[in-house]
Q: 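There's a structure below that I have some questions on.
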Amino acid sequence: MATQTAAERADFQRSLGRMYGLYTGGFLGFIVLLALMEQVGVPNRVLGYFFVFFTLAVYGVIGVAMRTAQVSEYYVAGRRVPAFYNGMATGADWMSAASFVGMAGSLFLLGYDGLAWVLGWTGGFVLVSILVGPYLRKFGAYTVPDFMAFRYGGNFARFLAVIVLVCCSFTYVTAQIYGTGIIASRFLGMQFEIAVFAGLVGILLCAMLGGMRAVTWTQIAQYIVLIVAYLVPIVILSTKRYGIPLPQFTYGEAIQEITAREQEMVRAGLATLCTAANCGPTTLKPHIQPFMNYTPLNFFGIIFCMMVGTASLPHILMRYFTTPSVREARVSVGWSLLFIFLLYFSAPAYAAFSKLEVYTNIIGRDIASIRPWMFTWGELGLIQVCGKNAANLDAVLAACKAIAGHPGVIRFQDFSINTDVIVLSTPEIAGLPYVISGLVAAGGLAAALSTADGLLLAIANALSHDVYYNMIQPVRAAGQWLIGIIIAAVVVVLIYLVAAVPGPFGLEWRWWSLLGLAGLVIVVAPLMHAATAVGRRLIMARALLLLVAVASAALASTRPSDILAMVGWAFSLAMAGNFPAIVLGIWWKRTTTAAAVWGIIAGWGICLFYLVTTRYFPQMGITYFGMTSLLNPETGQPLVNIAQVLADPKWATQWPALAANPLANKVGWFDLNNINCGLLGMPLGFLVMVVVSLLGKEPSKEMQALVDEIRKPRGQTVLEEKTT
Amino acid sequence: MLVHLFIWFFFGYIIHFFVNTLNQFTVPILKFPLGFYMAAQGSLIVFVVMLFVFAWQQDRIDRQHGVAEDD
């Protein structure tokens, strides 16, 4: 494997700088062109399609240009990505639709408490750099389960790590694909299924042809799109309102105005303040007031779980395998956080400006003088006034008249907005042309697709490198066939049971899936037969990538709700399953294989148990496991009257509990929100690992030397030294 | 390393315990309540700076002990 000299690397970085500089220039020129087109009268729908086309074209072009047949290029981009660019790619990988669209929306809704997510999703990188990332880079694995297998002597640890990885990444990627469909269908007018399909084609082209190499370079391009798209509207808004194009600083002023306005609204009777006596869903929670939405335990719990989860998520840790050296891996973490910081410290500005707009120009205004921008979103059901969609002026007037004793002005409790709308409606609020809205939507797509790509690659790589190459291929041919058949049978049965949902052209998704699966097998089998050993690994990797992507899209098309929650769960599960094993594996020589196995099972197990029980089987949790209702942070009262709900057979016997069930996500132990299940899982994992290690035999001298070796940056990667 | 972890812990958690007290103060010019500002920007800036400082310091330690990589 070629290593570069310092001079070669400097040249490489210069040419990268030129290339991306050109790309950025081209992108800005593209935006100007579209702006001109809008002025000339080209319809918005067409402009929307242009934006989507640009995003996908980037994927396609880079994917084709970066196609590779080398295993190390496919898995770790040949370890040639400089720290600065790797940081950008990690930034795009990290910032998903949840960050781009959801973050500002959550901050709008939760005020100060939303900052728990901001802190959690940034601070984790400190843990990555200090405790984990550089050491995994020195180790030289292709995937995280790879590391587990070598450190913990064998395939059982590897297998457990794969399960944790697939579980966390799959829900995460489904949420992204779903987000893609939502953004494109709601804000660009594309049909949901077509949007999902087009997005998938783009990222698959990229990942299948070029693996990690292509995905990395694409992510850098997507980062540029998403950061430009995110910053433009609020920079313009800030300039208009305060004369300074730095929204991250001017929104402090906006917060003062919000606080003043909140007090005014309460005095004028337009809103009721949330107090310890009464804090229902329609009361006003001041924007800067802490712990109104989360109890301090849950607030700090979210911060902790998101931080530690960051250092445990395989697709993030994988991003540091691609740097040329250990030193660059550390520096790269710094760059990653800087690029992420650019977005995260701007998100509260979106929330503040939108809230100010709503509080001054909507609440307290006469209904008849309502601003027209609201109707576009009201039509889609994303803004409601007086309990009904704000589709047009007449609808609003009628809805408010229907409320007895309505004063004719909009009160706080009359107005409700879907939080996803905050970012995407800001351009309209600022009175900007459609091209900016399209730009923001394109940014959201860039964010969602770049994360989806990174996740898909993590899953497929784990399946191909860990499961196939390391676990199946060494088995005798007959054994391989048997394993293959068993897996295929399980997959087919699962598809048949789960995907019983209507799909395109009148055929249920399960039949499409089975057809696709059959087609895949027919194509892949002869290819595998004719290929070399290396060729087979790559074919397997690509076929699995396709399979996982399609499965994810199928799940996304069933339109699951709770996306932000699902993402939060993924973090806690990763934290409980991976963190103790990785950290102790690197820092404590005494950790044994048995310890890791039991630690993962215990930690991950309890976290999963907590999640599944509180969300899907709360009745069981209450009856057998002593769970109680979560409490309202301000009043201290239970959120749910359990006795009352259980008396109602509709809810008491609903197994599994659906989203509308009043018990779902509302029960638990110690008033702990289920997003924070990592707080249970991780300490248990550590405890189990320490105890079992001490009870067992010390690991071999060879293994202990290996752990020492990981801590020294000098030399070849540990994995190479072992195999040469 | 422990120093860095302590700084991380302080800015990640401890300082936010005092948010209500800090909110009594306002950041000059920018006009943020201080407690809010720390969570929204202050701690983040500390993290970013810390990461670069840490990478630089760790590299220096590695060189001193002769275990740094060749360029």
Side-chain angles (χ1 to χ4, degrees), chain A residues 5-6 9 83 107 111-112 115-116 118-120 122-123 125-131 134 248-256 259 287-291 296 299-300 303-304 307 324-338 340-341 344-345 347-349 711-715, chain B residues 1-63 65-71:
Chain A
T5 62
R9 282 215 288 270
L107 287 166
Y112 177 85
L115 294 173
V118 169
L119 284 168
T122 51
F125 285 94
V126 175
L127 294 178
V128 173
S129 184
I130 295 182
L131 293 177
Q248 298 89 349
F249 300 126
T250 56
Y251 85 88
E253 179 93 44
I255 290 188
Q256 301 288 14
T259 313
H287 191 71
I288 58 172
Q289 186 71 359
F291 312 135
F299 180 79
F300 287 104
I303 297 181
F304 192 66
M307 284 192 183
S325 67
V326 174
R327 181 192 316 123
E328 296 242 8
R330 277 199 196 100
V331 175
S332 179
V333 182
W335 284 116
S336 308
L337 191 57
L338 182 66
I340 291 172
F341 167 77
Y344 278 24
F345 90 132
R711 307 269 294 279
K712 303 187 194 119
R714 175 178 281 270
Chain B
M1 179 181 110
L2 285 172
V3 172
H4 280 278
L5 278 176
F6 177 72
I7 298 179
W8 166 75
F9 191 70
F10 181 77
F11 281 99
Y13 305 98
I14 299 184
I15 201 168
H16 303 294
F17 280 132
F18 299 105
V19 61
N20 280 318
T21 330
L22 289 174
N23 269 344
Q24 319 261 17
F25 304 105
T26 320
V27 176
I29 305 174
L30 299 179
K31 306 205 189 150
F32 284 93
L34 185 59
F36 187 94
Y37 183 76
M38 284 314 294
Q41 293 187 8
S43 287
L44 305 195
I45 296 175
V46 169
F47 292 147
V48 175
V49 169
M50 215 173 99
L51 280 175
F52 284 108
V53 169
F54 176 74
W56 178 74
Q57 280 183 330
Q58 186 66 52
D59 191 43
R60 225 178 43 173
I61 295 176
D62 287 338
R63 285 189 201 281
H65 290 208
V67 291
E69 292 152 303
D70 297 323
D71 257 320

Q: When rounded to the nearest 0.5 angstrom, what distance separates CZ in B:Phe47 from CG in A:Leu127?
A: 9.0 Å

Q: Test of understanding: with ring pair (Phe, Tyr, Trp, His ring centres under 6.0 Å), list the residues that count as partners of A:Phe299, not counting sequence neighbours.
A: A:Tyr112, A:Phe291

Q: Ignoring hydrogens, what is the shortest heavy-atom contact between A:Tyr251 and B:Ala40? Give both atom names and the distance.
A: OH-CB, 3.6 Å

Q: Do the side chains of A:Phe125 and B:Val48 get nearer than 4.5 Å, heavy atoms only?
A: no

Q: Which bit of A:Ile255 is near chain B, if near means a heavy-atom gap under 4.5 Å: side chain, backbone, both or neither?
A: side chain

Q: Say you draw a straight line from CZ of B:Phe52 to CG of A:Leu337; how long is it, rounded to the nearest 0.5 Å?
A: 8.5 Å

Q: Counting only heavy atoms closer than 4.5 Å, note whether A:Phe345 contacts chain B via side chain, backbone, both or neither.
A: both

Q: Are A:Val331 and B:Leu51 close enough that some pair of their side-chain heavy atoms sits under 4.5 Å apart?
A: no

Q: Is there side-chain contact between A:Val126 and B:Met50, with heavy atoms separated by less than 4.5 Å?
A: yes

Q: Are the side chain of B:Gln41 and the backbone of A:Gln248 linked by a donor-acceptor contact shorter than 3.5 Å?
A: yes

Q: Under a 4.5 Å cut-off applied to non-hydrogen side-chain atoms, are A:Arg327 and B:Arg63 in contact?
A: yes

Q: If you count heavy-atom pairs within less than 4.5 Å of chain B, which of A:Leu107, A:Ile130, A:Leu338, A:Val118 leads?
A: A:Ile130

